[in-house]
Q: 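I'd like to ask you about the structure that follows.
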Amino acid sequence: MSKAFTQDKNHNTFYWMNFGNIQDGREILGEEMPVIVYRMMQFAMRDVMTKEFGREKADCFLRESGFLAGKEFAKNALDLNLGFNDFIVSLHNTLLNFKIGILRMEYASDDAGEIIFSIEEDLDCSGLPVTNETVCNYDEGFIAGILEAYTGKPYKVLEIDCWVSGGRVCRFKCTVGER
């Protein structure tokens, strides 16, 4: 079994390098796929986890998965040595290039202890019907992982607006502190 799918009690074995050589493996189909395929996977997993463990625990699993992915993404797709403003520009451009969403920083305190991001055309939920809830738990973790990889500090990230809540963008409040 590939190390990308195994773990022991002490070490995480989810690594960027274990994703394989996509260009070699998908010579004809390439790296891209329709958003609906990603959503089928994510929402099927959310449904199974919710039925098995309840909504709160399923949200936690998605958040933790996002965190793990965000840290690996940051270490492998971003320059963690940039100054804060240049890092945010790089993050915006990288998320755009990966077609994850269109990131805007709406606010950052002087010490970056509090940041508010909005993401338009979010991969997880843009275009879903309005149900007056937030659903981007994976994104909360993903952003927290990126910020922790960059700053070395834990961030608690909370989605405060969502396409699904009627916001038409996803908005995340990020604060330094316990995740």
Q: Got a donor-acceptor contact below 3.5 angstrom from the T50 side chain to the G54 backbone?
A: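 Not confirmed, T50 side chain does not pair with G54 backbone.
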Q: Please, which pairs that meet salt bridge (Lys or Arg N to Asp or Glu O under 4.0 Å) have at least one residue in residues 151-163, sequence neighbours excluded?
A: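 Pairs touching residues 151-163 that pass the test: D161-R171.
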Q: Going by the ring pair (Phe, Tyr, Trp, His ring centres under 6.0 Å) test, which pairs reach into residues 146-179, not counting sequence neighbours?
A: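 Listed once each, the pairs are F87-Y150.
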Q: Kindly write out the residues that satisfy side-chain contact (heavy atoms from CB on, under 4.5 Å) with V130, not counting sequence neighbours, or none if the list is empty.
A: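 Result, side-chain contact (heavy atoms from CB on, under 4.5 Å) vs V130: N132, R168.
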Q: Check whether L103 and I100 end up in the same hydrophobic cluster, where Ile, Leu, Val, Met, Phe, Trp and Tyr are linked by side-chain heavy atoms less than 4.5 Å apart.
A: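 Same hydrophobic cluster.
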Q: I'd like to know if I36 and L29 are part of one continuous hydrophobic network [Ile/Leu/Val/Met/Phe/Trp/Tyr, side-chain heavy atoms within less than 4.5 Å].
A: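 Not linked; separate clusters.
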Q: The criterion is side-chain contact (heavy atoms from CB on, under 4.5 Å); which residues satisfy it with P129, sequence neighbours excluded?
A: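 With neighbours one apart ignored, the set is empty.
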Q: Side chains of L123 and V35: closer than 4.5 Å at any heavy-atom pair?
A: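 A side-chain contact under 4.5 Å exists here.
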Q: Rounded to the nearest 0.5 Å, what separation is found between the OG atom of S65 and the CG atom of N137?
A: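 One gets 10.5 Å once the value is rounded to the nearest 0.5 Å.
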Q: Would you name the heavy atoms of C170 and C125 that are closest together and state the gap between them?
A: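 Result for this residue pair: SG-SG, 3.2 Å.
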Q: Does any part of the side chain of I116, heavy atoms only, come nearer than 4.5 Å to the side chain of C174, both counted from C-beta?
A: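 Side chain of C174 against side chain of I116, heavy atoms only: no contact under 4.5 Å found.
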Q: Provide the closest heavy-atom pair for A112 versus F84 in the form atom of the first, atom of the second, distance.
A: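 Answer, listing the atom of A112 first, then F84: CB-CE1, 4.0 Å.
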Q: How far apart are the closest heavy atoms of S126 and E120, and which atoms are they?
A: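 That closest heavy-atom pairing would be OG-C, 4.5 Å.
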Q: Evaluate R55 against E133 for salt bridge (Lys or Arg N to Asp or Glu O under 4.0 Å), listing each step before the verdict.
A: CA-CA 12 Å; R55 172 75 189 260; E133 59 187 330; 3.1 Å; yes
Q: What I'd like to find out is whether the side chain of D124 reaches to under 4.5 Å of the side chain of V135, using heavy atoms alone.
A: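 No; the side chains remain at least 4.5 Å from each other.
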Q: If you measure from NZ on K173 to CD on E106, what distance do you get to the nearest 0.5 Å?
A: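 One gets 13.0 Å once the value is rounded to the nearest 0.5 Å.
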Q: Can you pull the side-chain hydrogen bond (donor to acceptor under 3.5 Å, both in side chains) pairs that have at least one residue in residues 74-89, sequence neighbours excluded?
A: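 Found E72-K75, E72-N76.
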Q: With clusters defined by side-chain heavy atoms of hydrophobic residues (ILVMFWY) lying less than 4.5 Å apart, directly or transitively, does V157 cluster with M105?
A: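 Linked, M105 and V157 end up in one cluster.
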Q: Ignoring hydrogens and geometry beyond distance, is a side-chain donor-acceptor pair present between E114 and S109 at under 3.5 Å?
A: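 No, no side-chain donor-acceptor contact under 3.5 Å.
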Q: Taking the side chain as everything from C-beta on, heavy atoms only, tell me whether E140 gets closer than 4.5 Å to L158.
A: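 Contact flag for E140/L158 side chains = yes.
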Q: Taking ring pair (Phe, Tyr, Trp, His ring centres under 6.0 Å) as the cut-off, I'd like each qualifying pair that reaches into residues 30-68, sequence neighbours left out, listed once.
A: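 Counting only pairs at least two positions apart or across chains, the ring pair (Phe, Tyr, Trp, His ring centres under 6.0 Å) contacts touching residues 30-68 are F53-F61.
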Q: Using the ring pair (Phe, Tyr, Trp, His ring centres under 6.0 Å) rule, collect all pairs that involve residues 93-132, keeping only residues at least two apart or in two chains.
A: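 Only F73-F98 qualify under ring pair (Phe, Tyr, Trp, His ring centres under 6.0 Å).
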Q: Angle class for the W16/F19 ring planes (parallel below 30°, perpendicular above 60°, tilted otherwise)?
A: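 Tilted.
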Q: Identify, with sequence neighbours excluded, every residue that meets side-chain contact (heavy atoms from CB on, under 4.5 Å) alongside E31.
A: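 If we apply the side-chain contact (heavy atoms from CB on, under 4.5 Å) test to E31, skipping adjacent residues, the hits are I22, Q23.
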Q: With sequence neighbours excluded, what pairs up with A74 under the side-chain contact (heavy atoms from CB on, under 4.5 Å) test?
A: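 Listed in chain order: L78, L80, I146, A149.
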Q: Quick one: which residue pairs count as a side-chain hydrogen bond (donor to acceptor under 3.5 Å, both in side chains) with a foot in residues 95-104, not counting sequence neighbours?
A: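 Qualifying pairs: E32-K99.
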Q: Nearest 0.5 Å, please: how far is CZ in R26 from CE in M33?
A: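 Going from the CE atom of M33 to the CZ atom of R26 covers 8.0 Å.
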Q: Side chains of I119 and V169: closer than 4.5 Å at any heavy-atom pair?
A: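 The answer is no, as the side chains (C-beta and beyond) never meet within the 4.5 Å cut-off.
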Q: For H92, which of V89, L96, L95, T94 qualifies under side chain to side chain contact (heavy atoms under 4.5 Å, CB included)?
A: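 For H92, the side chain to side chain contact (heavy atoms under 4.5 Å, CB included) check succeeds only for L96.
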Q: Excluding sequence neighbours, so at least two apart, what forms side chain to side chain donor-acceptor pair (under 3.5 Å) with D24?
A: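 So D24 forms a side chain to side chain donor-acceptor pair (under 3.5 Å) with N21.
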Q: Can you pull out every salt bridge (Lys or Arg N to Asp or Glu O under 4.0 Å) where at least one residue sits in residues 37-53? Sequence neighbours excluded, please.
A: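 Sorted result for residues 37-53: R46-D59, D47-K51.
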Q: Rounded to the nearest 0.5 Å, what's the gap from CG on L62 to CZ on F142? Could you check?
A: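 So the gap between those two atoms works out to 14.0 Å.
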Q: Any chance you could measure I160, atom CD1, to S165, atom OG, to the nearest 0.5 Å?
A: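 The OG atom of S165 is 10.0 Å from CD1 of I160, to the nearest 0.5 Å.
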